There are 2 protein chains.
Amino acid sequence: MAGRQARKNSPQRAAGPALWASVGARVRDRERKRDAVIMTAARAFRERGYHNTSLDDIARELNVTKPTVYHYVENKEQLLFECFRAGLKLIMDGIEEQRESTTTGRERLAAVIARYAEAITSDFGWCMVQAENQDLSPTMSRKVKSLKSEIDQGIRALIRAGVSDGSIRECDEKMTAFALAGALNWIAHWYRSDDKLAAAEIALRFVDLFELGLQPR
Amino acid sequence: MAGRQARKNSPQRAAGPALWASVGARVRDRERKRDAVIMTAARAFRERGYHNTSLDDIARELNVTKPTVYHYVENKEQLLFECFRAGLKLIMDGIEEQRESTTTGRERLAAVIARYAEAITSDFGWCMVQAENQDLSPTMSRKVKSLKSEIDQGIRALIRAGVSDGSIRECDEKMTAFALAGALNWIAHWYRSDDKLAAAEIALRFVDLFELGLQPR
DNA sequence: ACTCTAATTTACCCGCGAGTATATTTAGCC
DNA sequence: GGCTAAATATACTCGCGGGTAAATTAGAGT
């Protein structure tokens, strides 16, 4: 049964609106559940680490059995990948949001930093930071790398924009982007959600530090 | 790892086979061999990750069998811990070195940053950054936490010193230390030893960035 | 009522890898 | 050479956990 796919074209048959509505509902339902699986995995990974979390653990937390998890996700690796992607998307969204802004490069960069900090303190943040290509198949690893690179390029573009509009001084664009990303990513290592410090506040101090520097002006 | 470890992260690949190679002429130096085990483990962990490295792998790289590894080390966890400690020691040394200096706080901080970058690009760097309390027993985890905290406190002390001697402007000491440590630790994620950029150069740019900030002066 | 599929479970397999009991080799020593 | 202890090897155990086959239930569509 699992291997055989005899009727492949049945979903294609035209049907009335009613059918589509309920099919749509079922699809949405499935997606909702799949998301729940991924979010639960993200929390578990964050709390105990990827390798210290078994799929049985995740299933148990969902009040379900392991094969059910496999019904929504191909394997453990993909689970990690999805968490990864979810986290990266949050950041990417922040960058894209600033594409339309007309403020200075420095201000746009500050806005991106704020969203970045927000993303990194989410459950997906940990996965994003900790998920090493080492735990992913070559294919997945390539995808992750490419997504990360997109973000890196986005940040560099903002720095360049700032330099050319005069809001950011001349600097090593690459190292600056790395330092920024590093400081931000590292938040995932020390941040505890019960912390008094909200992500927004952290971002504020980081922006202050990176804009003004340590040396008195 | 007793004191004398490679300060420059020169190719330390020679750790393994040579010591065991010639059956007749080998020097039986327990300490040395133990260090070789730890260094080999560090390299393996860095290359493939802690959980993706078996003790058989490490043994093989040393041209030895698993029980031999166990002869020098209690278990896998301790191996990770030792790598950890070795890395942290490199950084701690850098901090301690500046205790006697009489320059400004800002200059001492810059010196510490340079040593920190050096340490983080070593094989132990990866372990230090990646080793999560999650992979360590409560006891080990506590020790690691305490060592990390020592470093954090050391950096904060330098910042305070800088503020009070006027070389560093008033700032959020805690967040500044976190941002710095984050940027530095993150180097372990992107640095490849074949990179053109030496640790010293990275440190230089980081110091520039953190001291002067992005906003034009 | 009946059917067909998607969702979920029960009950398994199996390989990997941490850790070990035990034998064997080697080095130092008298 | 023969004794002892350290060093290393051979050859295991064993449980955890990823993954799966097959049976069962729920539910929409007709």
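Residue numbers begin at 1 in each chain, while the letters A, B, ... track the order of the sequences. A quick note: this is a predicted structure, and the numbers were derived from the prediction, not measured.
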Donor-acceptor check, side chain of A/Ser141 to backbone of A/Ser137, threshold 3.5 angstrom: yes or no?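 Side chain of A/Ser141 to backbone of A/Ser137: no pair is present.
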
For the backbone of A/Gln134 and the side chain of B/Asn52, can you confirm whether one donor and one acceptor N or O come within less than 3.5 Å of each other?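 Yes, because the side chain of B/Asn52 sits within donor-acceptor range (under 3.5 Å) of the backbone of A/Gln134.
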
Under 3.5 Å, is there a donor on one side chain and an acceptor on the other for B/His189 and A/Asn185?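 No - no donor-acceptor pair under 3.5 Å links their side chains.
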
Could you verify whether a donor N or O on one side chain and an acceptor N or O on the other, from A/Tyr70 and A/Asn75, lie under 3.5 Å apart?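 Not at all, the side chains of A/Tyr70 and A/Asn75 share no donor-acceptor pair under 3.5 Å.
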
Would you jot down, in residue-number order, the residues of residues 42-67 of chain A having a non-hydrogen atom under 4.0 Å from DNA chain D?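 Close to the strand are A/Thr53, A/Ser54, A/Leu55, A/Lys66, A/Pro67.
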
Mind running a 4.0 Å heavy-atom check of residues 135-143 of chain A against DNA chain D and sending the residues that fall below it, in number order?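 Contacts with DNA chain D under 4.0 Å: none.
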
Compare the minimum distances between each of D/dG18, C/dG19, D/dA7 and the side chain of B/Lys33, then state the nucleotide with the smallest one.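 The answer is D/dA7.
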
Among the candidates D/dT8, D/dG19, C/dA7, find the nucleotide nearest to the side-chain atoms of A/Tyr70.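 Shortest atom-to-atom distance from the side chain points to D/dG19.
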
Could you check how far CG of A/Asp29 sits from P of D/dA28, rounded to whole Å?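 In whole Å, D/dA28 P and A/Asp29 CG are 10 Å from each other.
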
Distance check needed: C/dA6 P versus A/Glu31 CD, whole Å only.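 Those two atoms, CD and P, are 15 Å apart.
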
With a 4.0 Å cut-off, would you call A/Asp208 and A/Arg205 a salt bridge?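 No, A/Asp208 and A/Arg205 are not salt-bridged.
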
When you check the phosphate oxygens OP1 and OP2 of C/dA7, does a side-chain N or O of A/Arg30 lie under 4.0 Å from one of them?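 Indeed, a polar side-chain atom of A/Arg30 lies that close.
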
A/Phe124 six-ring centre to A/Arg46 NZ/CZ under 6.0 Å and within 45° of normal: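 Negative - A/Arg46 is either too far from the ring of A/Phe124 or too far off its axis.
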
Between B/Met175 and A/Trp190, which heavy-atom pair has the shortest distance, and what is it?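 Residues B/Met175 and A/Trp190, closest heavy atoms: CE-CH2, 3.7 Å.
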
